[in-house]
Amino acid sequence: MSAGRDQADTAPQEGAVETAAGLQATLFDAVCESLSSAFIVYDKTDHIVFASRQVLDFFPICADLLQPGTRLRDFLGAVYETGIRSRSAGKQGALSREDWLSQKIATHWRERYEAVERYGNDCWVGFQKRRLANGFGVCVISDISEVKKREEQWRLDLERVQLTEDILDNLPFPLFVKDRNLTYVAVNVAFCEKYQTTADEVLGRKSTELFSPEVAARFEESDRHVLETGEMSVVRQRQIARDGSEREIISRKHRIGKPGRYFLVSTMQDLPREGSDLEEFEKASSVTTSAKSSYRRAYVPMNGDSERREPAAMEAIVPENFSGRRILVVTGDIAAETAALRTLAKYGFEACSVRNEDEQEQFLEIASSAGLSLDLVIIDNQMGMRCLELAEQYGISSLVMDGFQISTELTFQIARHFNRNNRGAMADRIDSDWEITTSDDQLELDVLVAEDNDINQIVFSQILEGLGYRYRIAATGDEAVRMWTEYRPKIVLMDISLPGFNGFEAARLIRQVEGDGPRTPIIGVLTQAFERDRAECANAGMDDVIMKPVSPDILETVFQKFMQPEAQRASL
């Protein structure tokens, strides 16, 4: 009877132990899941006491091998058979099965051991092993792929930063970078050497802290224009160094980055001293030549056989009968003014210059009172709209250029202007004959330009007039849609950043109105070559995109592609 009672008492106790063990295993599994890790506990005879089910997330083995009592060697042998060991880091994949098992078991007997193994291209697994004083061992397995990817990215970023710094510091000309708040965030060694300063004196500061108020205001105005419009600025100017020496430099400013994270990159280069040949200097300077070419493409037209005409052929395209024409140059850039007057005198133009709009107004008033007529006003694009309005007020044609163009492409642009006027007179006669047989000619329109920037409107006007196309300019997206509805142009040049409807919205409205009817080619005009903008242009129904600054050859190529019969007629 006593033995029976003992057996009856033992059975509930064993059941309670099993229940507690099961509860403990479930609790361990829950902890492992919350930690996103797998645990293996083994005793001093290397038999598994507990293995969480998360182990199966790392190794595709049979779940029975996780049961208590499984030999650690059998578990590791199954892992070896999966082939995973051949993709791990190091030379483990070249080991035999026994050597691999011996090596792994040895690591489990170390008091403390940590390792990282790489499985495949983008999977890293971390192992943390501990052998306790009582002989029990614990192995924690974790997926550390995201951590390693971040570390790898940080390493690559640091390498890129170091490489960028090395490149910048080895450039022979000064360079600095400003953020969107116009704070200096980077300068190179050449900048510090040229201006006898250190990076610590410049970084984190603004122009107002480094220059006089007048100079700082001028720099800030130019910087903001580049950051807001994305247009490259090329300017010649004089600077006085700390040692009192005066230098004539050419500076270029670019906008880089993405919306909300724009940066301004500016480079500076000394121009040759008085009497040196600027053209030879530009040819010898790879940096100057490269930047010059990239900017010049907005202004060099194509000739009849579709080849570029470079300003090197300047003398060949300036006719003798231009001699004696009167030209006024309006620029505050002393270097550009000097170069312009010297060049115009060389080709026989009668030229004068003024420094600002007040001087321009006084000059035009005196010239008008004296009965002196001017043929053209050249206006630096840094001067402002008032200078254009004054030229228009006195009925004088005008050309808008930047300081670099005034210095290097002046006669080329002037020749284009006068030749264009001659061709325009001929085109008027052709149009007059054509109008006799066309009842609805007043609504005929070749090109509709949607552009809100005043300077860009002038550039479009000068190019389209020179090419002989009939055009109109809309300053808003709403106006572009209205003009398209009224005139039905043969092609639309659509700036994407318009007030009112933006370019994408205006294009979609035009496509909706068209329905299944005749389709007007719409060309998106972009400032930056962002793929998302190109994709959105296509989604809005645009047929192609071109980049600013625009040029005669770029527009002529687009016209020939999308409206070839009209392009051929205009070129006759």
Side-chain angles (χ1 to χ4, degrees), residues 228-232 255 258-259 297-299 301-302 400 443-567 570:
E228 291 171 2
T229 66
E231 297 176 357
M232 184 177 77
R255 185 182 73 182
K258 299 179 180 180
R297 73 178 176 85
Y299 300 96
M302 299 174 68
V400 178
L443 295 182
E444 285 290 334
L445 191 65
D446 294 321
V447 185
L448 172 61
V449 179
E451 172 61 64
D452 63 314
N453 182 276
D454 294 334
I455 298 298
N456 289 336
Q457 288 178 357
I458 294 169
V459 172
F460 273 113
S461 298
Q462 291 177 349
I463 293 174
L464 293 173
E465 287 176 8
L467 294 176
Y469 290 97
R470 293 179 296 274
Y471 70 94
R472 284 184 178 270
I473 295 179
T476 67
D478 311 60
E479 189 178 4
V481 175
R482 180 185 62 77
M483 284 190 177
W484 174 84
T485 304
E486 181 178 353
Y487 296 102
R488 292 302 174 110
K490 296 179 175 64
I491 194 168
V492 177
L493 304 178
M494 184 75 74
D495 180 30
I496 62 173
S497 57
L498 294 169
F501 294 134
N502 62 34
F504 305 124
E505 295 167 336
R508 290 191 184 96
L509 283 172
I510 290 174
R511 294 301 184 218
Q512 290 174 9
V513 175
E514 283 178 335
D516 297 328
R519 182 184 175 95
T520 304
I522 302 178
I523 311 301
V525 183
L526 308 181
T527 301
Q528 298 285 339
F530 292 132
E531 287 302 320
R532 63 175 179 275
D533 288 339
R534 293 178 181 271
E536 193 164 356
C537 284
N539 294 336
M542 299 188 195
D543 300 276
D544 203 348
V545 297
I546 57 176
M547 305 301 300
K548 291 181 181 178
V550 295
S551 65
D553 54 334
I554 291 175
L555 294 186
E556 192 65 84
T557 299
V558 170
F559 296 158
Q560 290 177 5
K561 179 179 179 181
F562 290 98
M563 46 180 285
Q564 190 154 356
E566 288 74 19

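Because only heavy atoms are used, hydrogens play no part in the values below, and waters and symmetry mates are left out as well, while side chains stay in.
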Where [X] and [Y] come nearest, the two heavy atoms and their spacing:
| X | Y | value |
| --- | --- | --- |
| Cys537 | Ile496 | SG-CG2, 4.0 Å |
| Met494 | Ala506 | CE-CB, 3.8 Å |
| Gly524 | Met542 | CA-SD, 3.4 Å |
| Ala475 | Leu498 | O-CD2, 4.3 Å |
| Asp544 | Lys561 | OD2-NZ, 3.3 Å |
| Val550 | Ile546 | CG1-CD1, 4.0 Å |

I want to check something: taking the side chain as every heavy atom from C-beta on, are [X] and [Y] in contact at a cut-off of under 4.5 Å?
| X | Y | result |
| --- | --- | --- |
| Leu448 | Leu493 | no |
| Lys548 | Asn456 | yes |
| Pro499 | Thr476 | yes |
| Leu555 | Leu464 | yes |
| Arg472 | Leu445 | yes |
| Leu467 | Glu556 | yes |

Could you give the distance from [atom1] ([X]) to [atom2] ([Y]), rounded to the nearest 0.5 Å?
| X | Y | atom1 | atom2 | result |
| --- | --- | --- | --- | --- |
| Asn453 | Thr229 | CG | OG1 | 7.0 Å |
| Phe501 | Arg482 | CZ | CZ | 13.0 Å |
| Ser461 | Ile473 | OG | CD1 | 3.5 Å |
| Asp446 | Ile491 | CG | CD1 | 10.0 Å |
| Asp495 | Leu526 | CG | CG | 8.5 Å |
| Ile554 | Ile523 | CD1 | CD1 | 12.5 Å |

Q. Is the Phe460 to Tyr471 ring centre distance short of 6.0 Å?
A. no
Q) Are Arg488 and Trp484 in a cation-pi contact, defined as NZ or CZ under 6.0 Å from the six-membered ring centre and within 45° of the axis? A) yes
Q) What pairs of residues pass the salt bridge (charged side-chain N to carboxylate O under 4.0 Å, His left out) test when at least one of them lies in residues 496-514, not counting sequence neighbours? A)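 Qualifying pairs: Arg511-Glu514, Arg511-Asp543.
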**Q.** side chain to side chain contact (heavy atoms under 4.5 Å, CB included) between Ile522 and Ile510, worked out
**A.** CA-CA 9 Å; Ile522 302 178; Ile510 290 174; 4.0 Å; yes
